[in-house]
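In what follows, chains carry the letters A, B, and so on, assigned in the order in which the sequence lines appear, proteins first and then strands, with residues in each chain numbered from 1. Values below: all heavy atoms of this structure, side chains included; hydrogens, waters and symmetry mates excluded.
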Amino acid sequence: MLDIKYLRDNLDTVKENLSRQKSNADFSVFSALESRRRELLGATELLKAEKNRVSALIGKTKDKSQVRGEIERMKEVSNEIKRLDEELKRVESELQDFLLQLPNPTEEGCPLGCGEEENAEVRHWGAPKQYSFSPRPHWEIGENLGILDFERAGKLTGARFALYRGAGARLERALINFMLDLHTQEHNYIEVIPPFMVNRETMTGTGQLPKFESDLFHTDDPDYFLIPTAEVPLTNIHRGEILAGDDLPCYFTAYTPCFRKEAGSYGKDVRGLIRLHQFNKVEMVKYCIPEESGEELQKLLANAEEVLKRLELPYRVIDLCCGDIGFAAARTFDIEVWLPGQGAYREISSCSNCRDFQARRANIRFRRTPQDKPEFVHTLNGSGLAVGRTLVAILENYQQEDGSVVIPEALRPYMNGMTVIKN
RNA sequence: GGAGAGGUGGCCGAGAGGCCGAAGGCGCUCGCCUGCUAAGCGAGUGUACGGGUUAUACUGUACCGAGGGUUCGAAUCCCUCCCUCUCCGCCA
């Protein structure tokens, strides 16, 4: 969410920035609401001052018959205050709705552009391997090895769910442990197991609500949502809190399943593990002081890249352009892993600096010293990594002509020493 | 799910229609005192949004879990909801 004062004073800058992001917000509505709000606030405060003054006077007067007229007059003043307050409340909630719908302006330095085509490659690591045979897609490899079963998952639930079995399930679990160990033991993250369902306030804090409710799985009673990413609970851990300066930066990592409706993606990635309603992810979230968030984003990105380096999977890093960047982010780098079965790089991590956008929504602040005024923290998040897609990358990159799959060295200690998955 | 007790400043805790932004204590800040430490003494100490000032001072409004209601006036009375604790039931 944007600071209303900042927006008021920098209307044109914000308008210009957001116009690069396909936002069609109508700022004339904002200006009208804002001036009405100030008008009402002034009027109602004036009346309240009058009411407080006269009421105190009435209180001090022993003989109430002397102030009968004042009491009658205050009755009317009270009614008028009530009327103004009701309108004020309406205007404020409309303003709030407007602000909550506005995306985060993008950072200076973001590539300009409207869509995927204008994203910029920052670097790449490793080279796609040459195969003496035609590499198969992971769903064929997995089904042939009996470690992935999409048909039965469909029976149990429906399309876009997966059942892992035997070495497949073990491999997924190995990846989770491998990633968590790396981030906790070498990258200084605190491991967390958060709730997988959260309430409306939490979803609003990170920006999923109110705009993207249709992407979320929801329970009616109670009114909860399944998390679409651990970013949601992790970033909301300190919602409504004021942190001490020495608590920052603070790093959290968590493994969680993620639930997404994937509405509007019919026909896209219908086979395999790439796009599911439920998938596993290890997430990293940081809180830091404003002037350090740029550097923290680079470190976060490096932490995610390290996973792929250790698994020896070729990847590239993409700097998302203004038009492709997500709602809450000011800057985003995606990591795309090479998938031989598809002959393409596919997203496996997305690392974002949300600056104070989520902190303002979720009211997460800090004091530099105990005497200082609270300021909003900056929040960052990144996948480290999407576990299912990492398993996809392993199956496709480590496949052999006979259909077996070699286990990357780094994972073998997590696989009880297993070196290859074969029939 | 049933019964009961609660939610007040950074923390503890009093207040039970007007003199309450809220006693007292702890903590914290500043000053004094003191070989050091501890103790002691004095003063100050919430947030948000406005007005005002070069800046202070000063000043208006709101905030006692949340939202409604009664009243000239609500932390205080009434209603609804949320949360915490204790006991019972159920359960991994």
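Where RNA chain B meets chain A (any atom under 4.0 Å from a heavy atom), the bounding nucleotides read 5' to 3' are B:G18 to B:G73.
We find that A:Arg368 and A:Glu291 are joined by a salt bridge, their nearest charged nitrogen and carboxylate oxygen being less than 4.0 Å apart.
For the residue pair A:Ala330 and A:Ile325, the shortest heavy atom distance occurs at O-CD1, 3.8 Å.
Comparing the P positions of B:G18 and B:C87 gives an interatomic distance of 38 Å, to the nearest angstrom. A gap of 6 Å separates the C1' atoms of B:A23 and B:A14, to the nearest Å.
Residue contacts for A:Ser78: at a heavy-atom cut-off of 4.0 Å it reaches the sugar-phosphate backbone alone, with no base atom in range. At a threshold of 4.0 angstrom between heavy atoms, the contacts of A:Lys62 with the nucleic acid are absent. Within the 4.0 angstrom heavy-atom criterion, no nucleotide atom of any strand lies near A:Ala56.
Few gaps surround CG on A:Leu156; more than 12 heavy atoms of other groups in view lie less than 6.0 Å from it. Within a 6.0 Å sphere centred on CD of A:Glu116, other residues, nucleotides and ligands contribute 12 heavy atoms or fewer.
Between A:Lys75 and A:Ser55, the residue whose closest nucleotide on RNA chain B is further toward the 5' end is A:Ser55. RNA chain B is contacted by both A:Lys60 and A:Lys5; A:Lys60 maps to the nucleotide lying nearer its 5′ end (nearest heavy atom per residue).
Applying salt bridge (Lys or Arg N to Asp or Glu O under 4.0 Å) to A:Arg310 and the options A:Glu409, A:Glu186, A:Glu305 leaves one that passes, A:Glu186.
Using cut-offs of 30° and 60° on the angle between ring planes, the pair A:Phe161 and A:His277 is tilted. Note on ring orientation: taking the six-membered ring where Trp is involved, the planes of A:Tyr251 and A:Tyr189 are tilted (angle from 30° to 60°).
Secondary-structure stems of RNA chain B, taken as three or more successive Watson-Crick or G-U wobble pairs (i with j, i+1 with j-1) under a 3.5 Å distance threshold, comprise B:1-7 with B:82-88, B:10-12 with B:24-26, B:27-32 with B:40-45, B:46-51 with B:58-63, B:65-69 with B:77-81.
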Would A:Ser352 and A:Asn381 count as a side-chain hydrogen bond (donor to acceptor under 3.5 Å, both in side chains) here? Give the steps.
CA-CA 5 Å; A:Ser352 299; A:Asn381 64 79; 4.6 Å; no
